Number of protein chains: 4
Amino acid sequence: MAQDPIRQQRAAARRNQILDGAARVFAEKGFHRASTREIARAAGVSEGTIYNYFDSKAGLVVGLMTRLAEVESLGDELSDTMPGDIREFFVATFRRRFARLASQEKLFRAVLPEVLVDPELRETFHQQYVLRIAGLLEQYLQAQVAAGRMRPVDVPLAVRSLQGMFVGLLVLRIFGDETTRQGWDDLPEVLATLILDGLRLPREDEEVAQ
Amino acid sequence: MAQDPIRQQRAAARRNQILDGAARVFAEKGFHRASTREIARAAGVSEGTIYNYFDSKAGLVVGLMTRLAEVESLGDELSDTMPGDIREFFVATFRRRFARLASQEKLFRAVLPEVLVDPELRETFHQQYVLRIAGLLEQYLQAQVAAGRMRPVDVPLAVRSLQGMFVGLLVLRIFGDETTRQGWDDLPEVLATLILDGLRLPREDEEVAQ
Amino acid sequence: MAQDPIRQQRAAARRNQILDGAARVFAEKGFHRASTREIARAAGVSEGTIYNYFDSKAGLVVGLMTRLAEVESLGDELSDTMPGDIREFFVATFRRRFARLASQEKLFRAVLPEVLVDPELRETFHQQYVLRIAGLLEQYLQAQVAAGRMRPVDVPLAVRSLQGMFVGLLVLRIFGDETTRQGWDDLPEVLATLILDGLRLPREDEEVAQ
Amino acid sequence: MAQDPIRQQRAAARRNQILDGAARVFAEKGFHRASTREIARAAGVSEGTIYNYFDSKAGLVVGLMTRLAEVESLGDELSDTMPGDIREFFVATFRRRFARLASQEKLFRAVLPEVLVDPELRETFHQQYVLRIAGLLEQYLQAQVAAGRMRPVDVPLAVRSLQGMFVGLLVLRIFGDETTRQGWDDLPEVLATLILDGLRLPREDEEVAQ
DNA sequence: CATGAATGAGCCTTCATTCAT
DNA sequence: AATGAATGAAGGCTCATTCAT
């Protein structure tokens with residue numbers, strides 16, 4: 001029938017409408033303290049309707065994560081930047097990631113706990129989020145290493161370290177750490193220096209460690 | 001009365017007994033899915049007894065965190081190492097932290113979510129854990145910078161980045177990320193390189209970025 | 001929508017159904033010894049349903065009180081009687097009040113204790129019950145005093161004394177006092193004499209006290 | 001043993017100490033919301049000790065009532081007054097009762113509810129309190145009637161009405177009724193007029209109702 | 001006699017989920 | 001497809017009472 005695409009569109013709109021409500025309530029109260037009643041109210045639908053689009057309350061989290069991952073167009077981010085200057089690339093990328101993270105802080109704060117606890121969600125999130133981004137970063141780093149522009153480190157682990165740093169700094173932010181929060185905009189620069197140049201300064205009587 | 005110290009000792013033992021039970025159940029099921037009944041059973045006491053020692057279920061998390069922080073003798077860790085070689089120091093310190101984190105993975109997985117969600121817990125954890133460790137690290141880094149052995153970065157932010165990396169890598173571990181999990185023992189070395197020397201290799205026709 | 005009034009009617013019916021159950025159990029066991037589970041069973045609904053219609057267990061008492069007050073059409077009672085003969089008016093009014101009180105004895109026995117203890121309930125009951133009836137009685141007495149048919153006493157206090165007597169006699173009844181219980185039907189007459197004519201007989205050698 | 005009387009005295013002192021604590025806590029929170037722990041603390045003893053002197057929490061109420069009744073020396077009150085002037089006697093007696101009631105308001109508020117609800121307490125209270133006072137009042141009234149100084153009403157019912165009025169006015173006071181509370185000191189006079197002379201004023205063209 | 005830690009039954013309330021309309 | 005009333009299991013927590021010390 002010709003109505004199919006229309007229906008699908010309407011259904012997708014409803015889904016999103018519900019997810020928006022869920023995101024709002026989850027962000028404010030956390031997963032467990034958010035009731036389906038409140039989510040329904042926030043989404044402007046009835047409780048029953050939620051269950052027409054999602055299997056369960058946990059299904060809402062899956063939906064949110066999936067949507068999060070769909071929206072992430074990391075590939076673009078990475079390729080958007082001219083690969084010319086490494087530092088500029090790093091800083092720009094970091095800056096974008098940090099802006100993203102900050103804007104989703106509340107949602108992360110709400111969803112992360114449940115993701116940490118629920119094995120299935122954990123798996124989904126890991127696949128759709130961690131591995132996807134890791135893959136892209138690995139490609140980039142690998143290329144740099146191959147080109148002799150970067151130290152031949154264990155690329156996957158280095159990437160994990162980077163990702164970890166992002167996640168961890170977000171966690172610190174969530175903890176309310178003032179230093180992290182106020183320095184958020186400076187972090188891309190600091191990180192770039194840290195990651196690219198390292199902390200160590202060669203003593204004068206030493207050779208530059210390469 | 002001579003019984004006072006005995007009383008206190010017995011009370012402390014009970015507290016720990018209860019916390020052990022709580023840790024076990026929290027680790028297995030997470031905070032919200034763990035019922036006080038189950039915790040009581042795991043601890044070998046009655047439900048009522050729990051409330052003779054803790055204000056509420058959330059109080060158990062506070063207790064666990066506090067105990068965690070008490071056990072942490074980071075000061076020793078830092079000073080134990082000869083400050084001779086910076087890299088050795090970093091690697092050794094990282095190794096110890098990573099061992100610690102890994103051994104407490106389950107507990108973290110159980111407690112972290114609730115800490116993220118509950119504002120009061122967040123504050124407590126931040127004070128007792130994040131800031132305490134941050135302070136020690138800052139001292140160390142600052143000294144190195146002052147001695148001209150390290151690049152004059154924004155020390156507090158650099159420290160947060162380090163801490164974030166620890167936390168974040170633990171989170172990746174919790175996500176079940178195979179790369180992180182299998183590379184756990186190699187991470188201290190990778191991180192040391194990353195943090196101390198940086199990724200970038202100077203091209204021959206370039207100046208050393210500072 | 002045309003369903004709204006139907007909905008409302010059904011909801012009102014449910015409310016009453018629940019209140020009936022609550023009244024039954026409260027009357028039998030008193031407020032505190034009545035469990036919501038038992039109330040639910042007595043009302044023929046689930047425990048959860050109670051909370052769809054009332055905020056809390058205490059809310060049931062409020063509901064009962066309100067319903068009690070709504071049913072009371074004291075105004076009619078007062079005006080129904082011909083104002084012709086004062087004594088007849090008193091006796092008739094008393095008789096009606098006493099019949100009312102007796103029929104609600106159990107409910108009062110169940111609700112009064114909680115009303116006495118809970119400040120909020122106390123206030124509500126005072127407003128909806130005591131003051132409403134007091135106002136009507138005051139009007140009546142005031143009119144009689146103004147007409148010179150009654151002694152110019154402190155009307156509000158006299159009314160409180162009357163109300164107190166009703167309440168107090170009900171309490172004695174609840175205590176199981178046999179004299180009160182068996183004399184219940186005679187009390188209107190006795191009270192009328194007491195209140196209208198007083199106990200004192202003038203000695204022959206004295207003036208009539210006024 | 002010679003210690004018996006000493007022991008008994010000490011035991012009685014403890015009992016009273018506990019009852020004082022109970023009275024304080026009951027008065028503040030009501031019977032059900034008062035915990036034995038709090039009572040113990042208020043009495044300066046341990047929870048266990050309470051159970052060495054009383055069977056149960058309800059036993060405390062029995063104890064309080066009994067002590068209340070013991071302290072009441074109504075006989076003295078009644079005989080203290082010169083039987084000369086009836087009105088003076090009534091006013092003086094009322095005044096004393098009202099002062100008593102007011103001073104015990106809180107305790108009544110706390111104990112009455114439980115007395116109303118618990119059949120056993122009800123019986124005890126009725127015997128020790130209601131009937132004892134009723135008996136004394138009946139004697140007095142009966143004598144007055146016999147002496148031709150009072151109208152030959154149904155004495156027991158009249159007495160119940162009086163008692164009811166006391167109880168009822170106390171209840172109104174407890175409800176927080178401002179009129180009752182502020183007029184408390186005037187009530188003895190108002191009541192005396194009400195009870196002795198009645199409200200009705202004879203019209204000039206009528207005979208004095210007898 | 002006094003203590004107070006331990007008990008565990010039982011309570012009120014919440015909430016995800018279902019289903020008749 | 002939407003609704004929202006009804007459900008009832010489950011949960012955290014309180015507290016009167018006991019008993020070993």
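Computed from a predicted structure; not experimentally measured. Chain A is the first sequence line, chain B the second, and so forth, proteins listed ahead of strands; every chain is numbered from 1.
- Atom pair I6(B):CD1 and dT21(F):C1' shows a separation of 11 Å (rounding to whole Å applied).
- dT21(F) and dC1(E) are spaced 22 Å apart, taking the P atom of each and rounding to whole Å.
- The nearest whole Å value for the distance from the CD1 atom in I50(A) to the C1' atom in dA1(F) is 15 Å.
- Across the strands present, dA20(F) finds its partner in dT3(E); the criterion is a Watson-Crick or G-U wobble pair with both atom distances under 3.5 angstrom.
- The nearest whole Å value for the distance from the CD1 atom in I39(C) to the C1' atom in dC11(E) is 12 Å.
- Between the P atom of dT18(E) and the NZ atom of K57(A) lies a distance of 15 Å, rounded to the nearest Å.
- Computed from coordinates, the R41(B) CZ to dA6(E) P distance equals 19 Å when rounded to whole Å.
- Residue Y51(B) contributes atom OH, which lies 16 Å from atom P of dG8(E) at whole-angstrom precision.
- Toward the 5′ end of DNA chain F lies the nearest nucleotide of E47(B), the other residue of the pair S56(D) and E47(B) mapping further downstream.
- N16(B) and R67(B) are linked by a side-chain donor-acceptor pair at a separation below 3.5 angstrom, with hydrogens and angles left out of the test.
- The shortest side-chain heavy-atom distance between Y51(C) and T36(C) falls under the 4.5 Å cut-off.
- Comparing R10(C) and G48(A) along DNA chain E, the residue whose closest nucleotide (by nearest heavy atom) sits nearer the 5' end is G48(A).
- Between E114(B) and K29(B) there is no salt bridge, since no side-chain N of the basic residue sits under 4.0 Å from a carboxylate O of the acidic one.
- Side-chain atoms of F175(B) and V115(A), non-hydrogen and from C-beta on, do get closer than 4.5 Å to each other.
- Sorted by residue number, the members of residues 11-38 of chain D with any non-hydrogen atom under 4.0 Å from DNA chain E read A11(D), R14(D).
- A side-chain donor-acceptor contact under 3.5 Å links T66(D) to the backbone of V62(D).
- For the pair Y53(B) and dA5(E), the criterion of a side-chain N or O lying under 4.0 Å from OP1 or OP2 is not met.
- Distances shown here put a side-chain N or O of S46(C) below 4.0 Å from the OP1 or OP2 atom of dT7(F).
- Taking a cutoff of 4.0 Å between a charged side-chain nitrogen and a carboxylate oxygen, D20(A) and R15(A) do not qualify as a salt bridge.
- In this structure the side chain of F26(A) reaches within 4.5 angstrom of the side chain of V61(A), judged on heavy atoms.
- In this entry the distance linking CZ of F54(B) with P of dT14(F) reads 15 Å, nearest Å.
- Across all strands shown, dC11(E) is found opposite dG12(F) as a Watson-Crick or G-U wobble partner, with both distances under 3.5 Å.
- The side chain of T49(D) lies closest to dT3(E) when the candidates are dT3(F), dT3(E), dG8(E).
- If you take CZ of R7(B) and P of dT21(F), they are 12 Å apart, rounded to a whole angstrom.
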